[in-house]
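One structure is given here, and the rest of the page talks about it.
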2 protein chains.
Amino acid sequence: MATIAQVALFAGVSTATVSRALNKPDVVDEKTKAKVREAVDALGYRPNQVARGLASRSSRTVGVVINRFDSAYYGQMMQGAEKGLRSVGYKTIAESTCEHADGERAAWNSLLDRQCEAIILHADALSDDELRELYKARRNTVLMNRYHPDFADRCVYLDNIKGGQLAGEYLLSKGHRSIATITGPSSYYEARDRLTGLRQSLANAGIELDPALVEEGNFRDDMGFTCMNRLIDSGKTLSAVFCQSDEMAAGALDACRQRGVRVPEDISVLGFDGLDLAYHLTPKLTTVRQPLREIGEAAGLLAYAVATKSTDHSDIKRIFAAEVVERSSVRDLNDGS
Amino acid sequence: MATIAQVALFAGVSTATVSRALNKPDVVDEKTKAKVREAVDALGYRPNQVARGLASRSSRTVGVVINRFDSAYYGQMMQGAEKGLRSVGYKTIAESTCEHADGERAAWNSLLDRQCEAIILHADALSDDELRELYKARRNTVLMNRYHPDFADRCVYLDNIKGGQLAGEYLLSKGHRSIATITGPSSYYEARDRLTGLRQSLANAGIELDPALVEEGNFRDDMGFTCMNRLIDSGKTLSAVFCQSDEMAAGALDACRQRGVRVPEDISVLGFDGLDLAYHLTPKLTTVRQPLREIGEAAGLLAYAVATKSTDHSDIKRIFAAEVVERSSVRDLNDGS
DNA sequence: AGGGTTGATGTAAGCGTTTACATATGCCTA
DNA sequence: TAGGCATATGTAAACGCTTACATCAACCCT
């Protein structure tokens, strides 16, 4: 609770000298520094970072606005972002929005009011147009795991098209030809991209994705359940279904179990995300993993670069690639032949 | 980026009046307020919360130090805490520590330097003695889901003894008599308490817990796997095992599957925590749920009370009760008789 | 010896607010 | 009409730092 003035008094120097001794040690005399150190220790002085921020107009803080904390998906990105920021001495002030556009806007504003030097936004609800407005108003926003064409250099994201391709190629490589998919909402570009990627990979193999085999879900497990049931009811032959999220895959697995279809013997199921959840499912889910922690960390680093106005941040990775984590929910059809 | 001085100039009043118009509207004239409002709108003025905090010496911020964000367990508490804090207009500045005592101490200090008015600590690594020191130094710390006898009124936590009892009583009610348990590390009071509770409930039914049937795990799934194997290998008869975490239960389920013991036909498995994970396991795991979001929210509210030095916070719930969430991993032995 | 460097420190003006205190105006009452 | 009291506003001093600028001493060079 001691102030810099008290330290200065104790050490018999001016506050400016104390400040310099602490912040730019090379410009102050060794003996003076010793006196200051002594005073600091004696008084248990710790600089008030808020005052420091006000005076130096740099809060060393960035805001994170995120849908929610209590899901592994967001949690991993949050973890990565905070880690990245912490590694450069920045603090993370976090706000959840419960998937509400008003919440996202309000959080963005109030974090700026707190003098956050940059904002990491995981915007689910805000439209591209609104994001453009925000970005115009204050150019210090970083989009985490979302791509926006107008400020691509402020986006850290997964290449979803490649992710979809990877899913398709993997299934193809295991001998699957009749492939179904349960997508996310078509209003999400992630969902569209993954579908596009899947289509492309099939097309490369001369296969067209049967429209009757694509069900639109919402990334959540109950829709995985519903869509899988629809797929089964359709009576179409299908050997594999690619779910655009692990949660939907979990629902799909439940549906299969209830209907007596065995996974992977009768139908193979491939997930997407690579959450811990996938590991705990039965059968253990083969899935396309997004490197969420890495994406979060990169977003943190990019936010730091933005905050410090460092012009060159070409060293920060912004586009990430998915990878398949092979477990036991996809059958290798080549084996049996 | 407008400052209060510019607003004052624009409105033709003093900065003090602008400040009052914004913060205590009832003491300023209606016409003046209108002028101020106009100026605020015209200039797009938004008060600098950092400066405001410095001047009024209240940052309206509390710090949360937590092990990590990327697990459902911590995520839920984090979600609750942030929600509680947000509901009273406070910001959450969060730091993860990766289960490291140094990290917890460093985070605690640096958050205080940032003028957090209270700290919510989920301390895993810090010992009771160290916590006592911290608390002595600054009495504005709240312990989230941890109990410390020396400052019980600053703790929000689950009644783990009752939780253990509940587990025992539930198993008993389903007709189980040979009960095994896989505990957390005995260095954790939670683990000891849950075990105590289990013992008590069995004792009430005239049963003594067989020491050979208690395995010490570490709350994580690999140890659940290992311990379950040991239990099976022991050759002892047991009809149910109570795992002190859902993760360990997941591991235990895996072990059973590998060894060909059916759950719940051959052995029943009861979890603890009530994470989403439990729902996705096969069979769906019956578990003793801790209300983690509620605990987090209460911690947030208590932190607020501490921050505002409100003397009476008897309305804030501090001790929470677990509840069993019934699913399909525990067999009802009464049925078959 | 005088002028120019260099290095170390002090002085004081911010940073953008809040707030105690002073001042001014109008109104009521005796 | 003077005194007292509200009410509304302004003045200026904080809050705890940083930092541009001024100052001063010591040293070096010609």
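Labels below follow one simple rule: chain letters A, B, ... track the order of the sequence lines, proteins then strands, and each chain is numbered from 1.
- Atoms CD1 and CG, from Ile4(B) and Leu22(B) in turn, are 6.5 Å apart once rounded to the nearest 0.5 Å.
- For DNA chain D, the contact window with chain B, defined by any atom under 4.0 Å from a protein heavy atom, covers dA8(D) to dG16(D) in 5' to 3' order.
- Scanning residues 51-61 of chain B for heavy-atom distances under 4.0 Å to DNA chain C yields Ala51(B), Arg52(B), Ala55(B), Ser56(B).
- Under the 4.0 Å criterion applied to side-chain N and carboxylate O atoms, Arg20(B) and Asp29(B) are not assigned as salt-bridge partners.
- Applying the ring-ring contact (aromatic ring centres under 6.0 Å, His included) test to every pair with at least one member in residues 83-109 of chain B, sequence neighbours left out, gives these pairs: Tyr90(B)-Tyr304(B).
- At a cut-off of 3.5 Å, with distance as the only test, a side-chain donor of Arg52(A) or Asn23(A) sits close to an acceptor on the other residue.
- Glu82(A) and Lys91(A) are not joined by a salt bridge, as no carboxylate oxygen comes within less than 4.0 angstrom of a charged side-chain nitrogen.
- Across residues 8-20 of chain B, Gly12(B), Val13(B), Ser14(B), Ala16(B), Thr17(B), Arg20(B) each have a non-hydrogen atom less than 4.0 Å from an atom of DNA chain D (numbered order).
- Not counting sequence neighbours, Phe10(A) has no partner by the ring-ring contact (aromatic ring centres under 6.0 Å, His included) test.
- A salt bridge is defined here as a Lys NZ or Arg NE, NH1 or NH2 lying under 4.0 Å from an Asp or Glu carboxylate O, and Glu190(B) with Arg146(B) fails to meet this definition.
- Using a 3.5 Å distance cut-off with no hydrogens or angles, the side chains of Thr92(B) and Glu95(A) do not pair a donor with an acceptor.
- Taking 4.0 Å as the cut-off between side-chain N and carboxylate O, Glu38(A) and Lys35(A) do not count as a salt-bridged pair.
- Near-neighbour residues of DNA chain C inside residues 21-28 of chain A, defined by a heavy atom below 4.0 Å, number-ordered: Val27(A), Val28(A).
- The structure places CG of Asn48(A) at 8.0 Å from CG of Asp113(B), a figure rounded to the nearest 0.5 Å.
- Overall bending of the helix from dA1(C)-dT30(D) to dA30(C)-dT1(D), expressed as the angle between end axes built from five pairs apiece, is 60° (10° steps).
- Of all the heavy atoms in Leu302(B) and Cys155(B), the pair that sits closest is CD2-N, 4.3 Å.
- Residues in residues 58-71 of chain A take part in these side-chain hydrogen bond (donor to acceptor under 3.5 Å, both in side chains) pairs, two or more places apart or across chains: Thr61(A)-Arg114(B), Asn67(A)-Tyr74(A), Asn67(A)-Glu99(A), Asn67(A)-Asp124(A), Arg68(A)-Asp70(A), Asp70(A)-Arg293(B).
- Side chain to side chain, Gln290(B) and Asn145(B) meet the donor-acceptor criterion of an N or O pair below 3.5 Å.
- Running 5' to 3' along DNA chain C, contacts with non-hydrogen atoms of chain A at under 4.0 Å begin and end at dA8(C) to dG16(C).
- Sorted by first and then second residue, the ring-ring contact (aromatic ring centres under 6.0 Å, His included) pairs involving residues 128-153 of chain B (not counting sequence neighbours) are Tyr135(B)-Phe151(B), Tyr147(B)-Tyr157(B), His148(B)-Phe151(B).
- With rounding to the nearest 0.5 angstrom, the CD1 atom of Ile66(B) is 12.0 Å from the SG atom of Cys98(B).
- Every residue meeting the side-chain contact (heavy atoms from CB on, under 4.5 Å) condition with Asp129(B), not counting sequence neighbours, appears here in chain and number order: Ser127(B), Arg132(B).
- Tyr45(B) meets the ring-ring contact (aromatic ring centres under 6.0 Å, His included) test with no other residue; sequence neighbours excluded.
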